[in-house]
Amino acid sequence: MAGGLARAIAPHLRRTGFEAAFRADPLTAGIPVQVIADDAAAVLGCAACVREG
């Protein structure tokens, strides 16, 4: 999750056990869950893709 919304809801996700529930499902257990606090992350990722062709 990334951006301002992710940053805003992150404390609620911790409190409600979101990550534990996500890990309990075999389908999603191996998927990393992180909050990206950098608002420019999406733009920087797009720029990297453009540079790489």
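- Side-chain N or O atoms of Arg23 include one that pairs as donor or acceptor with a backbone N or O of Ile31 at under 3.5 Å.
- Two different hydrophobic clusters hold Leu27 and Phe18 under the rule that ILVMFWY side chains link at heavy-atom gaps under 4.5 Å.
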**Report entry** Criterion side chain to side chain contact (heavy atoms under 4.5 Å, CB included) on Val35 and Leu13, from CA distance to verdict
**Finding:** CA-CA 11 Å; Val35 173; Leu13 295 176; 5.7 Å; no

